[in-house]
Amino acid sequence: ALIRVPLRKVPTIRSQLRSEGLLQDFLVENRPDMFSRRYAQCFPAG
Amino acid sequence: TPSLRLGRSSEKIYNFMDAQYYGDIALGTPEQNFSVVFDTGSSDLWVPSAYCVTEACALPKRFKAFKSTSFLHDGRQFGINYGSGHLLGVMGRDYLMVAGMMVKRQEFRESVYEPGTAFLKARFDGVLGLGYPALAEILGNPVFDNMLAQNLLDKPIFSFYLSRKLNGSPEGELLLGGTDERLYDLPINWLPVTAKAYWQIKIDSVVVQGVNPFCPHGCQAIVDTGTSLITGPTDDILDIQQLIGATPTNFGEFIVDCARLSNFPQHQHFVLGGKEYTLTSDQYIRKEMLGDRKLCFSGFQAVDMISSEGPLWILGDVFLTQYYSIFDRGQDRVGFAIA
């Protein structure tokens, strides 16, 4: 009763964007870290 | 900051820019196939909806509820807030097939609005979370809990084998209901889960080249198959980058000179449950081809992830490709063995 799910490994979205020269534009436009930057100061120290 | 997953009650951010491993599932009657990231760092199942009209949903397969005779409309909505937008969706229930096993009445989310265009590049369509129910946003059982509730598995265990090689055989495997001893060397070192949301454990210490012990009094870490690197608090990670001679890029990554690989500290040790887990420079440096140029990236990344138990480290694929990981919901523990 062991269920085996094969996994495939692919280049990350980051790698694909980098290889197509789109990573910088993507990061500028989508700002995936904006949330953490904006709210980091709301958390208690430590 | 890539790979960030920050949980704050109703607010969460998901970022799968660095996810590497995915597998297939099917939903509905007749079956509709999807590729999903099996992610121990979240607990929900979601796929794009046929009603999703944003650019981000242009390519992936989308779930057509109206074509499934077994679909049950739920009516609840969900939202995930990002800094620059938000993901919206609706909840439903349907049959879920995983490697020939049918899970009945599985709650899942159909996203109807996704910001950004990251998923256009993704080879996967959605995410299947394998974390604890406390991490789920849906009321109802996460997939693995449903499997247990419906007595579909012999043991309340799942395990991951992740190969580092592309086009290897197999590239990776998720085993539901147990482990395969052919994929790892005994013994298994078991660590108790310290907080039942993520698969959170205690790290005794991190040692780089025998000096500069990080978190010498122990720190908390989550074992996350949806993250590619090893992440930790900014101060500690910057020290580690300095020790290995990595320099920052404009994109928040740290790059090293591939020609100097042989000069890097050969070993980094994570001490877990009193046992040393070693990564060699070949294992903690990630290589990537850009045209005919080889880039070498540090496998460490600064992510300040706060929890009530203190800053969290994340043991992602860089670690999990070297060590077979076993997740035991019966005894709330995580096991590691040499892959």
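Throughout, a chain's letter reflects where its sequence line sits, starting with A, and its residues are numbered from 1.
- When all heavy atoms are compared, the tightest approach of Thr179(B) to Leu2(A) is O-CD2, 3.7 Å.
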Test Arg8(A) against Tyr21(B) for side-chain contact (heavy atoms from CB on, under 4.5 Å), laying out the working first. CA-CA 5 Å; Arg8(A) 296 187 292 282; Tyr21(B) 295 90; over 6 Å; no
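- Heavy atoms of Ile25(B) lying under 4.5 Å from chain A are absent altogether.
- Within the model, atoms CE of Met289(B) and OG of Ser19(A) stand 11.5 Å from one another, a figure rounded to the nearest 0.5 Å.
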Verdict with supporting geometry, Ile3(A) and Met101(B), side-chain contact (heavy atoms from CB on, under 4.5 Å): CA-CA 8 Å; Ile3(A) 308 296; Met101(B) 176 173 63; 3.8 Å; yes
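- No donor-acceptor contact under 3.5 angstrom links the side chains of Gln20(B) and Thr12(A), judged on distance only.
- Open room surrounds NZ on Lys294(B); 12 or fewer heavy atoms of other groups in view lie less than 6.0 Å from it.
- In this structure, the portion of Ser35(B) lying under 4.5 Å from any heavy atom of chain A is its side chain and not its backbone.
- Inter-residue side-chain proximity for Val98(B) and Val5(A) is flagged as met; some heavy-atom pair is nearer than 4.5 Å.
- For chain A, the nearby part of Phe38(B) is the side chain; its heavy atoms alone come within less than 4.5 Å.
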If you apply the rule side-chain contact (heavy atoms from CB on, under 4.5 Å), what do you find for Val10(A) with Tyr22(B), and how did you get there? CA-CA 8 Å; Val10(A) 290; Tyr22(B) 66 89; 3.4 Å; yes
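- Considering only heavy atoms from C-beta on, Asp180(B) comes within 4.5 Å of Arg4(A) through its side chain.
- Contacts of Asp236(B) classified as salt bridge (charged side-chain N to carboxylate O under 4.0 Å, His left out), with partners at least two apart in sequence or in another chain: none.
- Residues that satisfy the side-chain contact (heavy atoms from CB on, under 4.5 Å) test with Leu295(B), not counting sequence neighbours, are Arg18(A), Ile255(B), Leu290(B), Arg293(B), Phe297(B).
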